Structure formats: structure tokens, C-alpha cells
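Since this is a predicted model, take the numbers as computed values, not measurements. Along the sequence shown, residues are numbered consecutively beginning with 1. First listed ligand is number 1; within each ligand, the first listed atom is number 1.
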Amino acid sequence: MKSAPFAYARAHSVEEACAMLESDEDAKIVAGGQSLVPMMNLRLAYPSRLVDVSAIPGLSGIESGSDGTLRIGALVTHAQVEHSSTVAEVAPGLQEAVQHIAHPQIRSRGTIGGSLCHADAAAEWPVLLLAYGGSVTVQDRSATRVILADDLFQGVFATALRPTELLTRVDLPAGRRLAFREIERRMGDYGLALVAATCDDIEGPLQNVRIAVGGAVGVTVRASAAEAAVEGKRGDPAVASEAAEAAVRELRIIGDANGSLAYRRHIVHGLVEQVVLTLGAAQ
Ligand SMILES: Cc1cc2nc3c(=O)[nH]c(=O)nc-3n(C[C@H](O)[C@H](O)[C@H](O)COP(=O)(O)OP(=O)(O)OC[C@H]3O[C@@H](n4cnc5c(N)ncnc54)[C@H](O)[C@@H]3O)c2cc1C
């Protein structure tokens, strides 16, 4: 299928992009185009105008701040994260998780900002951001604000961004230990279920545990009862099993043509167990 007709404009600065969004309420940002363009071709989206932000300078860097926070520009591609030495140093395990996103061709065009704004519950970045407890910086013509990961995902394909705002940066805190597991039919497919968990990267009982679940739920979400079951404990098999039971009880898991409700519950249970054991193994 082909998309409905649309106008196209390339923005050269964040301010110019925001002005374009303000002047046309049906305009949409395009970054890598790896989600928006398929949606347009399927006539699930029909923006009047695409505002191409891919040439805006200053949004493509990966750096670690003075406190170690990993700062990733909105236009950084999945592939750039995958191959970044800074990411390898500050966020061990993150690059392995990112390799679950689609295929190399898509990873070389798709951006972290685009993935988070698209907010597909089966995508990897929303689960990772939520598990890290990171934040995003967004900007419109008059103001800049920070949205915490906990407040970003508000519904099915819906975020807290206003239509005139551009996501400019993603921050992930340093000093976190990550465990990530996903079940997909084939490598590169969207996950039938995916779970990421982090805790403070210190010796001893697991502290400040965060567990995020995607794929088997309509909206990427934290499993807070599972987190409570693990907090301050060792990640041993008994604790992992308790957390998995809690997650399945508390989450609104959904089944569909790709996996029944019973199957999805089963794999969420298994994945939560595995991430807790993985966090625990590094104690
Ligand atoms: C065959 C295929 C398989 C895929 N498999 C996976 C997968 O397994 N896992 C996965 O996570 N993803 C997958 N994707 C999606 C891919 O990762 C996309 O790159 C990503 O979801 C969107 O990034 P993008 O830069 O292409 O965004 P775009 O498609 O350009 O934009 C997506 C949405 O975000 C908005 N947007 C983009 N950038 C910004 C910004 N800076 N500020 C505000 N709004 C913005 C756009 O307006 C649009 O609504 C797949 C895509 C394809 C085509």
C-alpha cells in the first residue's frame, strides 16, 4: 500500500522543527521513519506534513555526564548504541538488549527518540528506559522539560509528550546492573514478552530493584509487586519464583493471535524469574 499524500519539510534546528509543528496540528516528526512510514503506508497514520528532524545538529551524541549518567541524543540510532564504547563502559548489558531490536538494516536507521515516542509496548527501548528509571528531555518553542520514565508511557502508543514537543535527549543513570530477557518467534521480531530489571550495582542484597515488562501487556509497565518481592533480598530461586508469581498476578497480561493468554502468562513468569536470578548471580 501507499501512503496518503503528505507535504515534507526538513528542519535545521529544534526551534524550527517546533515552529513547524505549531503551525500545522496534523504535522508529524519523522526521524528514522522505521515505524512512522510503515504506519503511513498501512494508512494507520496520515500526517499532513512530515517534519524531518534527521539533519538537526546536536542530537546525535552519546556521552557520559560528570555523575556517570548516560546521555543519548534523540537521533542516535539503535546501531550507534550497539557499537558505542561509552555505552559498553557505563551500561553493561545494554548493547546485548539492543541487539534484539529488529535487524541491522533497521537498527542503522531507527532512533532511540523515535522508538520511545512511538511507544510500542512490544519494543525494547520503552522497557529498558523504564527499568533503568531514566528520563527524557523534551522541548517546544517556549520551554524545555524533563519527563521521568515512570510518567512517559500513558497508553497504547501514547506518551506524555505534547504534539508540539520534540524529544531531544534520553538519560540513563549510571551504576545500575541490568538483566534483560525476551521471547520472540525469530531474532529481530517484536517480543511476545520482554522483561528488563535493574538494581544498584553493589555487593549484597538487591537494592532499588526496578522490573519493567513489555510485549505481553498493552502498555509498557513496571511490575511493582514483583519489585517489592525482591527488594533487599538475595536473587535466589525462591525469591525469583515469588517475584514471578507476583508479576503474573499484578499485570494485565493480554493474549492475541501470536500467543494465547495462558502462554503469555507462562513466559512472563519465566522471564521475570530469569531476570531476578541474573541480577542475583552478580551479587
Ligand atoms: C520490519 C521492522 C521490524 C521492527 N522490529 C522492531 C523490534 O523488534 N523492536 C523495536 O523496538 N522496534 C522495531 N522496529 C521499529 C524500529 O525500531 C524503529 O526504528 C523505531 O520504533 C522508531 O524509530 P524511528 O527513528 O524510525 O522513528 P520514526 O518512525 O521516524 O517515528 C516514530 C514516531 O515517533 C515520533 N518521533 C520520532 N522522533 C521523535 C522525536 N525526537 N521527538 C518526538 N517525536 C518523535 C514520530 O512522529 C512518530 O510518531 C521495527 C521496524 C520495522 C520496519
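- For His78, the closest heavy-atom approach to ligand 1 falls below 4.0 Å.
- Atom 43 (C) of ligand 1 has its closest protein heavy atom at Cys117 SG, 3.3 Å.
- Contact atoms of ligand 1 toward Asp189: 8 (O) (distance under 4.0 Å to a heavy atom of the residue).
- Residue-ligand proximity: Val53 is placed with every non-hydrogen atom at 4.0 Å or more from ligand 1.
- Using a 3.5 Å distance cut-off with no hydrogens or angles, the side chains of Arg181 and Thr278 do pair a donor with an acceptor.
- Arg177 has no carboxylate O lying under 4.0 Å from a charged side-chain N of Asp200, or vice versa, which leaves the two without a salt bridge.
- Residue-ligand proximity, Val30 to ligand 1, at heavy-atom distances under 4.0 Å covers atoms 30 (O).
- Look at Arg145 and Asp140 and you find no salt bridge, because none of the NZ, NE, NH1 or NH2 atoms lies under 4.0 Å from a carboxylate O.
- In terms of protein heavy atoms, atom 47 (O) of ligand 1 is closest to Ile29 O, 2.5 Å.
- Arg141 has no carboxylate O lying under 4.0 Å from a charged side-chain N of Glu15, or vice versa, which leaves the two without a salt bridge.
- Using modelled atom types and a 3.5 Å distance limit, the side chains of Asp24 and Ser48 yield a donor-acceptor pair.
- Counting atoms of ligand 1 from 1 in the listed order, those under 4.0 Å from a heavy atom of Gly188 are 5 (N), 8 (O).
- Atoms of ligand 1 lying under 4.0 Å from any heavy atom of His100, numbered from 1 in the order shown and given with element: 8 (O).
- Using a 4.0 Å cut-off between charged side-chain N and carboxylate O, Asp150 and Arg210 make a salt bridge.
- With ligand atoms numbered from 1 in the order given, ligand 1 contributes 20 (C), 21 (O), 22 (C), 23 (O) to contacts under 4.0 Å with heavy atoms of Ser115.
- Of all atoms in ligand 1, numbered sequentially from 1 with element shown, those under 4.0 Å from a heavy atom of Leu166 are 40 (C), 41 (N), 42 (N).
- Heavy-atom distances between Tyr190 and ligand 1 reach below 4.0 Å in at least one pair.
- Nearest protein neighbour of atom 25 (O) of ligand 1, counting heavy atoms only, is Thr111 OG1, 2.6 Å.
- Counting protein heavy atoms only, atom 9 (N) of ligand 1 is closest to Glu124 OE1, 2.7 Å.
- For ligand 1, the atoms closer than 4.0 angstrom to any heavy atom of Ala31 are 25 (O), 30 (O), 37 (C), 38 (N).
- Ranking protein heavy atoms by distance to atom 21 (O) of ligand 1, first place goes to Ser35 OG, 2.8 Å.
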Passes side chain to side chain contact (heavy atoms under 4.5 Å, CB included), Tyr46 versus Asp26? Steps please.
CA-CA 8 Å; Tyr46 24 87; Asp26 293 323; over 6 Å; no
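- More than 12 heavy atoms of other residues, nucleotides or ligands shown are found within 6.0 angstrom of NE2 on His269.
- For atom 53 (C) of ligand 1, the closest non-hydrogen atom on the protein side is Gln34 O, 3.3 Å.
- The protein atom (non-hydrogen) at minimum distance from atom 28 (P) of ligand 1 is Gly33 N, 3.5 Å.
- To the nearest 0.5 angstrom, Asp151 atom CG is 10.5 Å from Ser135 atom OG.
- Remark: minimum distance from atom 31 (O) of ligand 1 to any protein heavy atom is reached at Leu36 CB, 3.9 Å.
- Heavy-atom contacts of Lys28 reach the following atoms of ligand 1: 47 (O), 49 (O) (cutoff under 4.0 Å).
- Summarising the local packing, CD of Glu22 is surrounded by more than 12 heavy atoms from other residues, nucleotides or ligands at distances under 6.0 Å.
- Between the Gln139 side chain and the Thr144 main chain, no donor and acceptor come within less than 3.5 Å of each other.
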